[in-house]
Amino acid sequence: MQITRLIFVFCCTLISLKGSLFATPMQLYPLNRNPMDVVIPCAKKDVVTLDHCIEGIRKNGINIRRIIVVSKEKLTDKAEWFSESNFPFQMNDLAYLLFPNSQAKAEQYIHHPKNRLGWLFQQLIKFYAAYVIPDISDNILLLDADTIFLKPVLFQDKNGYPLFNPGEENHLPYFEHGKRFIPGFQKMFPHISGITHHMLFQRPVLDDLFTTVETAHHCLFFEAFCKCIETRYLFHSAASEYELYFNFFLSRSNQYHIRALEWKNPGFIEELEVYRSQRYDYVSCHSYARGK
């Protein structure tokens, strides 16, 4: 392991200790250790990695119950399928929320080949899965369809507290959006990101987040999410579900731990065994890196 990685792990340990021992929680969430259900939103571009993703979390995810793929149409026989059509919003609906004063601009955006509607849509699917998918667990592991676990991994401690894996991104528009979207929102630690292509979402925290947002904006959560996006970022990365949930949780409670997994963003799924032999916990083979 490189020295920089060792320093990063050490800093994560200190942050976890700070959260566990010294912070005074604003909320004491009724968290539990019920088996997790995995939700994987998936578009056709990630079909090439989807079965690897499913097999990886089925083999290596500890305390997993169901694995559910959310997509427009059924893309695999290796997991349950839940249709996007069951959600209270559809992809094109988001465009009209992004351009509330111009139907023409909304429709232009819908038909633009570089719109980010699919990217925003899958973020909202993650937030709403707890409320839309029947009989789903209180503990929902959200997993990107291009992310493949290679070693057994725990996602909760014995008390049901989440084990967050830290990332290193620091994309300003995510936090500008967060400040408009969630009252008092801020980046909790300057060098720690929540973007690591998976995250445990827990129902009591989601309930608190939804109530906070809808009370502040006097509209539905997904409507507020879209209305808080700046149009200048609509062809770029304008918001992040992982940063929103991660920093909201850390601002509300000390019922968490941060521990660093070994992971990377390679472009070749053909080399999974190589990454496994190098003792990575998981890899994320993004479509842009795969050249597709």
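In what follows, residues are counted from 1 in the order of the sequence shown. Predicted, not measured: the structure shown is a model, and the values here were computed from it.
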Quick one: does [X]'s side chain have a donor or acceptor within less than 3.5 Å of a partner on [Y]'s backbone?
X: R65; Y: I136; result: no
X: H171; Y: S237; result: yes
X: E214; Y: T211; result: no
X: S83; Y: N86; result: no
X: D146; Y: D46; result: no
X: T196; Y: P166; result: no
X: N247; Y: M188; result: yes
X: D37; Y: S137; result: yes
X: S251; Y: F248; result: yes
X: D93; Y: Q90; result: yes

Is a salt bridge present between K74 and E80, judged by a nitrogen-to-oxygen distance below 4.0 Å? no

Using a strict threshold of under 4.0 Å (side-chain N to carboxylate O), is an ion pair present between E73 and K44? yes

Could you tell me if the ring centre of [X] sits under 6.0 Å from that of [Y]?
X: H198; Y: Y242; answer: no
X: F89; Y: F222; answer: yes
X: F235; Y: H112; answer: yes
X: F221; Y: F210; answer: yes
X: F127; Y: F201; answer: yes
X: Y280; Y: W263; answer: no

Non-hydrogen atoms of A216 and P183 that approach each other most closely: CB-CG, 3.5 Å

Does a side chain donor of either [X] or [Y] reach within less than 3.5 Å of an acceptor in the other side chain?
X: N139; Y: N32; result: yes
X: Y131; Y: D207; result: yes
X: D157; Y: H257; result: yes
X: K126; Y: Y245; result: no
X: Y233; Y: E176; result: yes

Can [Y] be reached from [X] by stepping across I, L, V, M, F, W or Y side chains whose heavy atoms are under 4.5 Å apart?
X: I195; Y: L163; value: no
X: I40; Y: V47; value: yes
X: W119; Y: V70; value: yes

Rounded to the nearest 0.5 Å, how far does [atom2] of [Y] lie from [atom1] of [X]?
X: F249; Y: Q27; atom1: CZ; atom2: CD; result: 10.5 Å
X: H236; Y: K114; atom1: NE2; atom2: NZ; result: 9.5 Å
X: L98; Y: E230; atom1: CG; atom2: CD; result: 12.5 Å
X: Q255; Y: Y161; atom1: CD; atom2: OH; result: 4.5 Å
X: L261; Y: F164; atom1: CG; atom2: CZ; result: 12.5 Å
X: S193; Y: E168; atom1: OG; atom2: CD; result: 9.0 Å

Using the side-chain contact (heavy atoms from CB on, under 4.5 Å) rule, pick out the option among Y174, F175, F225 that qualifies with L244. F225

Taking NZ in K151 as the centre, count heavy atoms belonging to other residues, nucleotides or ligands within less than 6.0 Å. Is the count above 12? yes

Tell me whether K59 at atom NZ has more than 12 heavy atoms from other residues, nucleotides or ligands lying less than 6.0 Å away. no

Just jot down the side chain to side chain donor-acceptor pair (under 3.5 Å) partners of K78, sequence neighbours excluded, or say none. E55

Name of the residue among R252, Q202, R203 meeting side chain to side chain donor-acceptor pair (under 3.5 Å) with D208: R252

If the plane angle is over 60° it's perpendicular, under 30° parallel, otherwise tilted; pick one for Y282 and F149. tilted

